[in-house]
Amino acid sequence: MKEELAKRYEPSTFEQRIYSAWEAGGYFTPVDDPEKPKFSIVIPPPNVTGRLHIGHALVNTLQDILARWKRMSGFNTLWLPGTDHAGIATQMVVERHLANQGINRFDLGREKFVEKIWEWKDQHRTEIKDQLTRLGASADWTRERFTLDEGLSRAVRYVFVKLYEDGLIYRGIAMVNWCPRCRTAISDIEVEFRERNASLWYVDYDVEIDGRKLTVATTRPETMLGDTAVAVHPDDERYKDLIGKHAILPIANRRIPIIADPILVDPEFGTGVVKVTPSHDKNDYETGKRHDLPQLQVIAEDGRMTAAAGAEFEGLDRFEARKKVVELLKESGQLVKVESHANNVGVHGKCDTDIEPMVSRQWFVKIEPLAGPAIEAVRSGAVQIIPQSWESTYFNWMENIHDWTISRQLWWGHRIPAFHCTNGHTTVTMDEPSTCPECGAKVTQETDVLDTWFSSGLWPFSTMGWPDDTPDVRTFYPTDTLVTGFDILFFWVARMIMFGLRFTGKAPFSQVFLNGLVRDEQGQKMSKTKGNVIDPLDVVNEVGADALRFTLAISTTGRDIPLGKSRIGGYSAFVNKIWNASRFALMHIDIELKDGGGIDRDHLRTVERWILSRLNSVTAEVNRQLSVFRFDEAASALYQFFWHEFCDWYIEMAKPVLLGRHGSDDDRKLARRVLLEVLDRSLRLLHPFMPFVTEEIWQKLGGVEPSIMIAPYPIPEEVLEDPEAERLMNAVKAIITTIRNVRAERGFTPKDRFKLYITGSDARDTNFFHEHAYLLIELARLTEVAVEGTAPEGAHHDVIEGFHIAIEFPEKEVSAEQLEKVRRDIEKTQKELESIEAKLADERFVKNAPAHIVGGAQARQTELRARLEKLQQNQ
RNA sequence: GCGGGGUUAGCUCAGCGGUAGAGCGUCUCCUUUACACGGAGAGGGUCAGGGGUUCGAAUCCCUUACCCCGCACCA
């Protein structure tokens, strides 16, 4: 009837089989049960750029733990999976991929190139799904989405048109961050700053007043070619007389005005003279607008110099041009000096290319009207950010937010639903008009696409069929918990909150759990170039998904997680332990869960009441910790209970009865029932963390449900609490431990057996030990336990948890080392006693400290006094 | 410059007002029929430094030092 477990724990033999069975059972798909409360969670869609890394394994393990926990706890649970088209990132990898074959995207043309990306996407979507599957993700694949799906694209167009009509999307000319490599504009948050050792060049400009010169300090000499002014501070006495005059721009030999600007110029920095390049610097652009300066674009979209830079520079790369400008200045003697200078250079986070500030026509989202409600949602608690310390970061960013540049000059993405006609009219509409609504001329669609985060910002509802009023939207929106990395708090989380509130009137989730970054052992960020990345599949193949998941969960405290290859499967020993303990249990259990019968609580012995009480307390703990996202605490509680209480103590204590060395047949039956019960509940508690191994074992227990993943999650039951059993068993454990210690200290081996004398503080306790003497005899390896009589001379005395014990040793020489140990024990006890006595003698302590603390100290004092007295007999 | 986080056992980290903890590592003993991915033990910490509040501080406040991470600035 009952099946045994394989002798060895080999996850590869069952994990994939089990996943298929779950999928076939349809357990990942929510059931249509209006009675059940719902729980929904949407995956942070991984980019279809490549394979998942260990950070994905973390974020998805945490989501799966929540989903499985909630599902087992009776919630109608949806975990919606999918992937992100990841605009620039994907276009870049495909371009690189094609470059290896000697093809560039311009050879292919837009249509063909996009086709290639779709092929790439299909392949990687499959790989990603496979990886999540191997991790055990209980996501509903029947609802899988992709940001470029027709449904989601429609939501994107709808939102774009709506925002445009509401005046929150506008098109205009502005200075944006331009990536000359990707040849597209990017938003402010996509710019990363890198510290660099650069040079500061000091250049002399001739001034139209004879003999006078202005020395300008610059880090970008090549932009000089586009200078249209030189600025000084209006109050700077050194240059006051030159304001309004003109300087001669070196090389270009253009006459440019000397202007006064208190905002741009800090007289303390450099020489106090600033060159002004309105076309290639953000501050200079603003200055140019203030002073009505002409713009002169000397750097083109591809990072090469334009004709405006002069014939000898045209076509040169901007960095080549820099060298050449410096060279020419040297020759003309206008280069005064060069200083080294540390500065932060903005680069495109995706490709590490220096950003070129560039004036261009782009589409923007006017963000303040969206940010206001999003700030309020967090402030009011409608959206809770965990750990809470991230809230101030969120507020800080949201309160200083700038308009969002949403257009990208790329081919891969949602094409902006704007249609331009030959007469210059622009129509923004969801579907392409046949002709211009204003003049009837032919229209062509805008070639720019949207920032990829525009579509992911709609993810929690666009995936459910919005803007239609679908059953999924009604049932599962808003979602409950969002689990994601803090690195996309601004990119993604903030945008979802803004869009969600604007378009659905509701925050898209009520809680955001931001997990830390997975780093290597040295605390280094994982990256391909450093070669310290870990492919989760390698780990799964090596130690199994359960060990990986448990390691990730128990390491998740809310901060960064240092996990290198050596640590990543660290908890495989624990999984192995679970396997073996279960194997032992199955060898002795001859009943199945569905046999029913339950437990006859009236006939339980103290050991059994104890383990059930402990199990109940860990049940409460796990539920409590999961509800506050303390995955580490929940996992630790299970680890501690299963290994160090259930295996180390309970199973060892049950063995005498299970193996027939002690007790009646009825005792044995009851012990089996309890063992089954504890194992069953433990497996269910562990299941969200270790779905595979728990399922594999649980299948052998003969439960009513076809799968552990739809069996109920244990909840604490008051009847199982038993403080009295815990008190007595704590004493038993402590006494056994003491005997083991003393045995080792005195140099005896486990084979040597002794007689123990023990007396409790009252008859009931003494009687308990009389009945449970076999536990001490078995686990502490004794010959007998006497509850009366006096220990002979030379016995080792101690007081443990209120019980007086004496261990009778055979004649044996006591070494100096052993005597020293006894002396140290006494000293330690004495010291603690002294400190506690001093405390109790202090009336301020007795007066001010809460009663239970004072009471505790008094009890401790009594115990220590008794113990000290007994220990002194050992000398 | 502004903000956040950190500094606790050899390593990685919990604990955040009432007797210093875990995992891993180290050392000793043990092949006891679930498990040597095991069992039983041991050793190891003036909780970064200095002040303060309190009967009592690793825990709260101030301060110094160092280390991370954001954001802003950078001619």
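Hydrogens, waters and symmetry mates are skipped; everything else that's a heavy atom, side chains included, is used.
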Should A:Glu356 and A:Lys282 be marked as a salt bridge (charged side-chain N to carboxylate O under 4.0 Å, His left out) after you check the CA-CA gap, both sets of side-chain angles, and the distance that decides it?
CA-CA 10 Å; A:Glu356 193 58 56; A:Lys282 209 173 166 191; over 6 Å; no

Under 4.0 Å between any heavy atoms, over every strand shown, what does [X] touch: base, sugar-phosphate, or nothing? Just pick one.
X	answer
A:Leu200	sugar-phosphate
A:Thr218	sugar-phosphate
A:Val575	nothing
A:Tyr571	sugar-phosphate
A:His341	sugar-phosphate
A:Asn741	sugar-phosphate

Before we go on, tell me: are the rings of A:Phe513 and A:Phe631 under 6.0 Å apart, centre to centre?
yes

N/O (side chain, [X]) to phosphate O (OP1/OP2, [N]) under 4.0 Å:
X	N	result
A:Tyr639	B:C24	yes
A:Arg630	B:G15	yes
A:His402	B:C71	no
A:Thr737	B:G41	yes
A:Trp643	B:G39	yes
A:Asn283	B:C74	yes

Using heavy atoms to find the nearest nucleotide of RNA chain B for A:Arg844 and A:Thr738 separately, return the residue whose nucleotide is more 5′.
A:Thr738

Take A:Val191 and A:Asn343, find for each the nucleotide of RNA chain B with the closest heavy atom, and name the residue whose nucleotide sits nearer the 5' end.
A:Val191

Rounded to whole Å, how long is the line connecting atom [atom1] of [X] with atom [atom2] of [N]?
X	N	atom1	atom2	value
A:Arg740	B:G39	CZ	P	11 Å
A:Glu837	B:G56	CD	P	20 Å
A:Trp649	B:A40	CH2	P	8 Å
A:Asn344	B:G70	CG	C1'	13 Å
A:Gln861	B:G18	CD	P	21 Å
A:His644	B:G41	NE2	C1'	14 Å
A:Asp188	B:G70	CG	P	17 Å
A:Glu286	B:C74	CD	P	12 Å

Drop me the distance from A:Glu621's CD to A:Ser636's OG, to the nearest 0.5 angstrom.
9.5 Å

Provide the distance between the two [atom1] atoms, one in [N] and one in [M], to the nearest whole Å.
N	M	atom1	value
B:G18	B:U12	P	27 Å
B:A58	B:G51	P	14 Å
B:U63	B:A20	P	29 Å
B:U8	B:A22	C1'	12 Å
B:A9	B:G23	P	16 Å
B:G10	B:U26	C1'	8 Å
B:C16	B:G5	C1'	15 Å
B:U7	B:A34	P	44 Å

Give me the distances for all protein-to-nucleotides 1-5 of chain B N/O pairs that come in under 3.5 Å?
none

Could you walk me through whether A:Arg290 and A:Thr287 pass the side-chain hydrogen bond (donor to acceptor under 3.5 Å, both in side chains) test, one step at a time?
CA-CA 5 Å; A:Arg290 282 196 295 274; A:Thr287 307; 3.2 Å; yes

Determine the stems involving RNA chain B; a stem requires 3 or more consecutive pairs of the Watson-Crick or G-U wobble kind, each with both distances below 3.5 Å, and the answer is none if no such run exists.
B:1-7 with B:65-71, B:10-13 with B:21-24, B:26-30 with B:38-42, B:48-52 with B:60-64

Stepwise, does the side chain to side chain contact (heavy atoms under 4.5 Å, CB included) test hold for A:Glu222 with A:Thr277?
CA-CA 10 Å; A:Glu222 73 281 12; A:Thr277 321; over 6 Å; no

Within 45° cone and under 6.0 Å: A:Arg379 NZ/CZ vs A:Phe395 ring:
yes

Report yes if some heavy atom in the side chain of [X] is under 4.5 Å from a heavy atom in the side chain of [Y]; otherwise report no.
X	Y	answer
A:Ser12	A:Asn541	no
A:Glu832	A:Arg860	yes
A:Tyr202	A:Glu339	yes
A:Lys275	A:Tyr205	yes

What are the two closest non-hydrogen atoms of A:Ile367 and A:Asp403, and how far apart are they?
N-OD1, 3.2 Å

A:Trp579 versus A:Lys7, closest heavy-atom pair with distance:
NE1-O, 4.0 Å

Trace of the side chain to side chain contact (heavy atoms under 4.5 Å, CB included) decision for A:Val232 with A:Leu242
CA-CA 9 Å; A:Val232 297; A:Leu242 295 178; over 6 Å; no

Close N/O contacts between protein and nucleotides 31-34 of chain B (under 3.5 Å):
{"residue": "B:A34", "atom": "O3'", "partner": "A:Arg583", "partner atom": "NH2", "Å": "3.3"}
{"residue": "B:A34", "atom": "O2'", "partner": "A:Asn580", "partner atom": "OD1", "Å": "3.0"}
{"residue": "B:A34", "atom": "O2'", "partner": "A:Arg583", "partner atom": "NH2", "Å": "3.0"}
{"residue": "B:A34", "atom": "N7", "partner": "A:Lys655", "partner atom": "NZ", "Å": "3.3"}
{"residue": "B:A34", "atom": "N6", "partner": "A:Glu652", "partner atom": "OE2", "Å": "3.0"}
{"residue": "B:A34", "atom": "N3", "partner": "A:Asn580", "partner atom": "O", "Å": "3.2"}
{"residue": "B:A34", "atom": "N3", "partner": "A:Ala581", "partner atom": "N", "Å": "3.2"}

Can you classify the ring geometry of A:Trp397 versus A:Phe490 as parallel (below 30°), tilted (30 to 60°) or perpendicular (above 60°)?
parallel

Out of B:C37, B:C55, B:A72, which nucleotide sits closest to the side chain of A:Phe193?
B:A72

